[in-house]
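The next block holds one structure in the form of C-alpha cells; read it before the comments.
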Amino acid sequence: MKPSTGRPTDKGKNIALKLLAPAVFWLGLWQLAAMAVGQSLLLPSPLEVGARLWALLGTGLFWLSALATLFRIVAGTVIGVAAGAALAVLTHVSRAADALLSPAVRVLRAAPVVSFIVLIILWAGSDTVPVIICAMIVAPVVWENLRTGLASPSPELLEMAAAYRMGALRRARYIYLPAALPYLRSGVLSSIGLAWKSGVAAEVLCTPKRALGSQIYWSKLYLEIPSLFAWTAVVAALSLAVESLVRRALEKGGGGK
Amino acid sequence: MRLENASFSYGDKVILDGFSLSLPDEGVTALSGPSGCGKTTLLRLLAGLLTPESGSVDAPGLARTAILFQEDRLLPAFSAAAQLKAVLPRGAEVVDYLDAVGLASEADSPVEALSGGMKRRVALARALAYAGDKSLLLLDEPFTGVDAGNARRIMARLRALDIPVLLSAHDAESLSLADRVIHLSGPPLSANSDNIG
C-alpha cells in the first residue's frame, strides 16, 4: 500500500478554506449589497474601499496616523492593565478598600464612555484623551477578572498554607499568582478590543492632529465614505493584530513552573 | 501532647463533649474508628486549625505541628519538589524527603502527571519535611492509595523520627504498622479506656 503523502497539503487546504471561505462569503455579500444600493455615498463596494486603502497605504499621513493611534491605545491599555491589577490586589487584601473602591469601579464600568470622553476633553489635551479613555475602559475589565482569579483558590488550599505557615510572598507565588494568571490573561485579551473601540471613539470626538479616529471624523465630515470604510478597516485590522500578538505572547509566557 | 476536657460541635452536632486524651511523646500512635466518628476533627483540634469550645490543647516542648490533610492539597501545576520548597526555608534540601517516599526521581514532575498514590506520597513528603525534628506529626489517613510496600517504607521512616506521630486509619494494614492503637467511637467522641493516658 502506498504511504499517504497528502496530509500537509490537506492541512494547507483546510486552513485556506477556513480563512478564505468566510472572507469570500462576506465580501461577496457586501458587493451584492453595494450593487443593490447603487450609491457609493451610502454603501461603497469592497473594490472601491480596497482601492482607497491601497492609495492611503502610499501616504505618510496613513503611517503617521496609524502609529500615533497604535501608540495611544497601547499606552492606555498598559496603564489600564497596571491600574486594574493594582486595584484588584488592593480590593482583595483590604475590606475597607473593597468597600470604598469596588462601587466606584462598577460605576466607571457601567457609565457611557462618551460621557467620559466629553468630560475629559475639557481637562486634557487631545493627544492624551484617548490614552486616558483606554485606561479607564481597560482597568475595570482587568479588575473584575483578576478579582475573580484572586478569589478562586480553594479554602482547603488556603488552609494548607495557613497550617504550613506560608508567608504572604509564598502564598502570592505558589497560590494566588497561578490562580489569577488565567483570569488576568482573559481580562487583558477581552479588554484589547474595547480599548481600540473606545480609544478611536475618543479620537473621533477630540480629533488629535495625527490619529485614525480623526481621519474617520474628517472622512465623515467630507462625505468620503470609501475613506471612512478604509480607515475603519485599518482600525479593525490593527486591533485584531495586537490581540493576536498579545495572545501569542501570553500563551508563550504561561509555561511550566 | 494532651487534650483536656475538650468540647467541639458543628452546629447542633456534638463531636467532642468533655473529651480528654494524652499522647505519648514518641513513636507512632494510630487512631482507629468508623467514618464520621470524629477522628479528623480531633486531628484538626490538635493541629490548631480548630479551637475547642471549652477545654484545652497542650503541647509542651513542641515547636509546631505538621499535618497531612485527608486530601492531598497539593499546589496545582507545580513540581513535586516545589510542593516541599513552598513550605520549607529557602535553600532547604528536598530530595531526601522525596526519596523517603520513593519519589526522588519524580522531583521535577508536575503533580498533575503523577498517579493518585504518588500525589499522596508527595503530600506525605511535604508533611515529613515540614515536621523536621521538633513537631507533632498528624497524618489523616496517610496511606490512602499508597501501596503496601511504600506504606511500610514510609512507616519505617516515621518510626526513625524522634517525634510523636499520630495517624488516623481504617485499614488493618496501616493499623498493624503503628506502635499503639487508640480505638475511637462516636460522635460524641470516646476512646477505649485502656488507651487513654
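Bear in mind the structure is a predicted one, so any value in this text is a computation, not a measurement. Lettering of chains follows the sequences in order, A, B, ..., and the numbering in each one begins at 1.
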Between B/Pro110, B/Ala66, B/Ala127, who has the most heavy-atom pairs with chain A when the cutoff is under 4.5 Å?
B/Ala127

Can you tell me how far the CZ atom of A/Arg173 sits from the CZ atom of B/Phe78, to the nearest 0.5 Å?
6.0 Å

Considering non-hydrogen atoms only, spot the tightest contact between [X] and [Y] and give its length.
{"X": "A/Tyr164", "Y": "B/Ile67", "value": "OH-O, 2.6 Å"}
{"X": "A/Met160", "Y": "B/Leu75", "value": "CE-CD2, 3.8 Å"}
{"X": "B/Tyr130", "Y": "A/Ala163", "value": "OH-O, 3.7 Å"}

Run the side chain to side chain contact (heavy atoms under 4.5 Å, CB included) check on B/Arg44 and A/Glu159 step by step: do they pass?
CA-CA 11 Å; B/Arg44 290 168 67 81; A/Glu159 189 185 50; 2.3 Å; yes

If we ignore hydrogens and angles and just use 3.5 Å, is the side chain of A/Arg170 paired with the main-chain N or O of B/Ala86 as donor and acceptor?
yes

Sorted by chain and residue number, the side-chain contact (heavy atoms from CB on, under 4.5 Å) partners of A/Ser191 (sequence neighbours excluded) come out as A/Val138, A/Val141, A/Val142

Mind jotting down which residue pairs meet the side chain to side chain donor-acceptor pair (under 3.5 Å) criterion with at least one end in residues 82-102 of chain B? Sequence neighbours excluded, please.
B/Asp96-B/Arg157

B/Ala47 portion near chain A, given a 4.5 angstrom heavy-atom threshold
neither

